[in-house]
Every structure is written in structure tokens, then in C-alpha cells.
Amino acid sequence: MPSIKHEAARCLKCKKPMCAANCPVSTQIPEIMNLFLEGKIAEAGRILFENNPLSAITSVICPHERNCLGHCVLGNKGGPVEFFRVEEYISRYYLETMEVPDIRKNGIKVAVSGAGPAGLSMTMQLLMKGYDVTLFEAQENIGGVLRYGIPPFRLPRDLLDMYKDIMIRMGLKFRPNTRIGANIEIDDLFLDGYKAVFVATGTGRPNKLGLLGETLGHVHFAIDYLKSPETLELGNRVAVVGAGNVAIDAARTAVRRQHSHVTILHYKGEEDVTANHDEIEMAEIDGVEFVHYAQAVRILEDCVRCVRVLKKEDEDGNTVFEEDYSETFDVPADSVILAIGQGPGADMNTGTVKLTQKGLLDVNEWGETSTPGVFAAGDIVTGPKTVVEAVAFTKKSIHPPGGISEKPVKESNKPRVIRRGVFICCFCAILLLLLTLSLYCLIRYLFFMAMAISTDTSSRNG
């Protein structure tokens with residue numbers, strides 16, 4: 001493998017670089033390459049960090065073939081420049097040697113909900129601009145899908161630990177094991193003086209197949225399995241339904257932790273697999289078996305029953321996939337892992353924030369929701385996307401046209417909290433009044449009953 005210095009020297013430093021034009025965060029690749037070759041690694045690292053705070057992560061897990069690597073002009077006649085290798089080295093070096101600058105605080109309190117890719121990117125950008133940031137996270141540590149969804153052999157956990165240390169040194173207040181919408185609601189944050197709330201809770205609810213057998217004890221959702229693979233005993237044969245990046249991660253984890261024979265069942269063909277090409281190649285090297293054009297129709301105790309899928313063209317020339325139910329075949333499985341996508345969970349009370357038909361947060365191009373002061377970015381807005389796409393969206397959300405207001409939040413942001421308090425007070429007052437009246441009536445009743453009994457007793461004695 002050529003050295004990273006050799007890769008940097010191969011770069012043509014194009015005046016109109018297609019690699020940078022097709023980078024979701026517009027990384028200035030030629031400039032970084034020149035600085036690296038000149039030995040100005042710290043300066044190159046600073047530029048990368050300020051443009052994309054998660055460059056040390058995206059350089060590792062980005063789908064490079066779709067972005068910079070796939071658009072390098074040298075790839076037309078030979079091997080494209082592997083900029084991501086240079087970026088990974090520079091970015092990690094910068095994190096390890098970074099001295100936190102003296103940031104002038106502006107005194108504005110901002111809350112960020114969710115410590116996944118979008119939340120981390122947003123938090124670091126806000127901290128660098130001098131905001132007083134509190135990061136709320138439902139799990140015990142930062143990272144979200146980076147820590148609890150991507151296995152360590154793909155993304156080293158020490159990178160996340162370095163990011164956490166840097167943010168705390170920049171003044172971050174971190175609240176783990178705290179889910180916005182449970183004990184704390186968005187309106188509560190405004191009442192406590194926060195001027196803006198950035199929601200970046202991701203899409204953590206796994207999609208269901210809707211098949212018979214999905215509730216059996218040996219069936220698991222991939223995103224749940226990846227959170228704590230050590231807690232499950234999968235057996236010798238594992239079937240994974242789905243062929244995206246999450247499915248590949250689950251399959252490779254099962255091979256490593258359980259030494260299982262893993263079969264991936266894919267509805268479409270090899271050319272239609274949505275996972276990164278290099279990850280597919282690594283999965284095949286690991287021994288993962290792919291069965292294409294296979295649709296699961298039922299999960300049994302010891303296998304997954306499937307039918308073949310036929311690839312056809314309709315009358316308009318469009319490619320369609322049709323199941324052939326004339327014959328079934330079984331794929332042996334001691335355990336089944338489902339990886340067919342994720343959606344927004346019901347774990348966050350969004351209050352008055354408007355949702356889309358898919359349950360995602362409805363925002364404008366700047367990430368502003370229907371509620372003033374509430375912004376959103378990442379998968380909770382777009383649905384499942386790549387990490388670098390989440391970072392790209394946060395870069396726009398940090399610069400809304402009206403900025404982040406320093407004024408107190410309007411009353412319209414907190415009517416539900418106030419109405420709830422008024423309602424509880426009125427209810428308690430009415431309840432107390434009813435109890436008082438009931439007690440008064442009971443005492444009168446007992447008094448007159450006692451008088452009647454006394455009168456009756458006196459007349460009998462007379």
C-alpha cells in the first residue's frame with residue numbers, strides 16, 4: 001500500500017476539484033494536500049476540524065466511492081487518490097495534539113438533544129462560536145450510532161473518547177441517561193433560560209418485517225444486537241435479513257464474536273446492495289455468504305423460509321422485482337437478525353413541533369421547525385443517512401437567517417406548560433370544594449339523624 005505522503009503527492013491539486021465538489025461538507029482537498037506536503041499538519045487539521053468537526057470519523061466510515069474517491073479525475077485511467085487516508089492521519093493527529101482555543105463566551109444557553117453524529121457536530125460548532133451548551137443524551141456516553149451501532153473494528157472507540165474530552169475542555173455540560181420528552185420536555189428547557197433547542201435524536205426504532213415468527217426468541221433487530229452483542233448467544237448459523245451497512249455490521253460482528261456462519265438474505269441483486277462496496281468486500285473476506293433475490297416470507301424455529309425474487313421490466317421499461325410464490329426454500333438459522341431500516345422512535349415528546357407523515361421532524365432548509373427556537377438536524381429530519389450528510393445539514397442549521405435569538409422565548413413557546421399548571425390548580429381547587437361540600441352535607445345529615453333519633457326516643461319514654 002502506498003504511503004499517505006505518496007498519495008498526497010499524486011494529487012493533481014485541480015483548480016476545479018471534482019473531489020471537493022462532490023464532498024457533502026465541501027472539504028478543500030487540494031489545500032489540505034498542499035499543507036500536508038509542506039509539513040503544516042496542525043494548520044491542515046484545524047481547517048478540517050473547523051469545516052467538519054467529525055473529520056476524524058468521516059474519514060474512516062464515509063462511503064468514499066460515492067464522494068471524493070469516486071470523483072477523482074485520476075480514477076478515469078487508473079487509481080484515484082485516496083484522500084481519506086491523508087485526512088484520517090491529519091484529523092487524528094489534530095485531536096491528539098489539540099489545544100483548546102480561548103473562546104469568548106456570548107452568554108447564550110443552548111440545549112442539544114442527542115449525542116449522535118448530528119448532535120456532536122452541532123455541539124462542537126456551537127461551542128466554537130461561544131455558546132453555553134448542554135448536551136442531553138439518553139445513553140450513558142456520547143456517540144449514538146457511532147458508539148452503539150458501528151462495531152469497534154470499524155470505528156475505534158478512543159476517537160469518541162477524545163471528542164468527549166475536547167468538548168468538556170471547551171466548556172460543555174453533559175447530561176447522560178437523560179431523555180428529552182420523558183422527565184424533561186422541550187418547553188421546560190425554555191423556562192430554564194435556554195434560547196434554542198437543537199434536536200438530533202436520530203432514528204432508533206427498527207422497522208418490522210411483519211412476518212409470522214418475528215416475535216420468536218431467536219429473532220433480534222440488528223441495531224439492538226449491535227448495542228450489546230456480548231449479551232446474545234446466536235448459535236452456529238445466523239441469517240441476516242437486509243443488505244445495508246447495518247446488516248453488514250451485524251453480520252461481521254456475529255462472525256467475530258460467535259464464530260457463526262452468517263448468511264445475508266437480500267431482496268434484490270448484487271448490484272443493488274446499498275452497503276458500502278468496501279464493507280461488502282470485507283464481509284466476503286470474513287466468510288459472510290450472500291443470497292440475492294431472496295425474500296423472507298416466514299421465520300421458523302430453525303430456519304427462514306424464503307421465495308425467489310424475479311427481476312423484470314414493466315411496460316414503461318422500469319425495473320421491478322416480483323416474488324415468485326410457486327416454490328419456497330429454507331435457509332437454516334439458529335438465530336435471525338433483522339436489518340431492514342429504521343424510523344423515528346416514540347421516545348421524544350416533541351410538543352408543538354410539526355411532524356411529517358413519516359413521523360420525522362418537519363423543518364425548512366435551515367433546520368428550523370414550526371416552533372420558534374427549536375431546530376433539528378440529522379436522521380430525525382432526513383431519515384437514515386450517512387454521518388457526513390448529517391454533518392452537512394448541521395452546518396446549515398448553525399447559521400439560520402434570523403440567527404439564535406438572545407431575547408426570551410415568546411409566550412407562544414410555552415402555553416402548554418402554563419395551561420397544564422393552571423389546569424392542575426383549578427382541578428385541585430374544584431376537588432377541594434367538592435370534598436368540603438360533601439363533608440358539610442355528611443355532617444348535616446348525621447346531625448339531623450341524631451336529632452330524629454333523640455326525638456323518637458323522648459316520645460317513647462313519655
Side-chain angles (χ1 to χ4, degrees), residues 1-11 13 17-37 40-72 74-75 79-98 116-118 120-121 124-125 142-147 149-164 166-167 245 249 275-279 281-282 378 385-395:
M1 178 183 293
S3 69
I4 58 173
K5 191 172 182 179
H6 175 75
E7 285 298 295
R10 287 181 59 223
C11 178
K13 311 343 181 259
M18 296 304 298
C19 53
N22 287 276
C23 172
V25 291
S26 302
T27 302
Q28 295 303 308
I29 294 175
E31 180 184 3
I32 298 300
M33 290 296 209
N34 280 327
L35 289 172
F36 176 73
L37 290 173
K40 300 177 181 178
I41 301 178
E43 184 178 350
R46 178 186 58 78
I47 294 173
L48 285 171
F49 185 84
E50 291 178 355
N51 176 67
N52 170 17
L54 297 184
S55 62
I57 291 173
T58 55
S59 61
V60 176
I61 62 174
C62 237
H64 308 296
E65 66 273 10
R66 290 185 236 162
N67 302 327
C68 57
L69 187 70
H71 291 86
C72 175
L74 290 179
V81 175
E82 296 181 342
F83 167 71
F84 62 90
R85 292 176 54 207
V86 181
E87 182 184 23
E88 180 184 357
Y89 177 84
I90 295 173
S91 299
R92 187 180 184 94
Y93 174 87
Y94 185 73
L95 291 185
E96 292 174 340
T97 60
M98 180 180 180
L120 292 178
S121 175
M124 282 184 277
Q125 292 179 73
I142 70 162
V145 67
L146 301 173
R147 184 180 295 272
I150 298 177
F153 58 81
R154 276 193 62 205
L155 183 65
R157 294 295 182 260
D158 67 326
L159 278 176
L160 297 172
D161 296 334
M162 280 192 281
Y163 273 115
K164 182 178 179 180
I166 288 170
M167 289 189 296
N245 285 321
D249 285 341
N276 299 344
H277 293 163
D278 56 342
E279 292 304 320
E281 181 180 356
M282 294 307 299
K385 296 284 186 179
T386 62
V387 172
V388 73
E389 288 173 308
V391 175
F393 198 98
T394 63
K395 289 180 67 177

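The first residue of the sequence shown is numbered 1, and numbering continues consecutively from there.
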How long is the gap from [atom1] on [X] to [atom2] on [Y], to the nearest 0.5 Å?
| X | Y | atom1 | atom2 | result |
| --- | --- | --- | --- | --- |
| L69 | L74 | CG | CG | 11.0 Å |
| I29 | F83 | CD1 | CZ | 5.0 Å |
| D278 | E281 | CG | CD | 7.5 Å |
| L159 | I57 | CG | CD1 | 6.0 Å |
| C11 | L37 | SG | CG | 8.5 Å |

For [X], all residues meeting side-chain contact (heavy atoms from CB on, under 4.5 Å), sequence neighbours excluded:
| X | answer |
| --- | --- |
| S91 | L48, S55, A56, E87 |
| A44 | I32, L35, I90 |
| S3 | K5, H6 |
| A392 | P24, V25 |

Salt-bridge test for E7 and R10: reply yes if a basic N is under 4.0 Å from a carboxylate O, no otherwise.
-> yes
Closest heavy-atom pair and its distance - [X], [Y]:
| X | Y | result |
| --- | --- | --- |
| C62 | N67 | SG-ND2, 4.0 Å |
| D249 | P151 | CG-CD, 3.5 Å |
| Y163 | P53 | OH-O, 2.6 Å |
| K13 | P30 | CA-CB, 3.9 Å |
| A118 | T394 | O-CG2, 3.5 Å |
| L146 | L155 | O-CD2, 3.6 Å |

Using side-chain heavy atoms (C-beta onward) and a distance below 4.5 Å, is [X] in contact with [Y]?
| X | Y | answer |
| --- | --- | --- |
| D158 | R92 | yes |
| P117 | V145 | yes |
| M167 | L120 | yes |
| I4 | E88 | no |
| M282 | R154 | no |

So, using side chain to side chain donor-acceptor pair (under 3.5 Å) as the criterion, who are the partners of [X] when residues are at least two apart?
| X | answer |
| --- | --- |
| K164 | N141 |
| R66 | N276 |
| E43 | none |
| E389 | T386 |

Contacts of F84 meeting ring-ring contact (aromatic ring centres under 6.0 Å, His included) (sequence neighbours excluded), chain-then-number -> H64
For Y94, enumerate each residue passing the ring-ring contact (aromatic ring centres under 6.0 Å, His included) test, keeping only those at least two apart in sequence or located in another chain.
-> F49
If a pair satisfies side chain to side chain donor-acceptor pair (under 3.5 Å) and one of its residues is in residues 22-36, list it, with sequence neighbours excluded.
-> N22-H71
With D161 via salt bridge (charged side-chain N to carboxylate O under 4.0 Å, His left out) - residues at least two apart | R147
Side-chain donor or acceptor of K395 paired with backbone N/O of N51 under 3.5 Å = yes
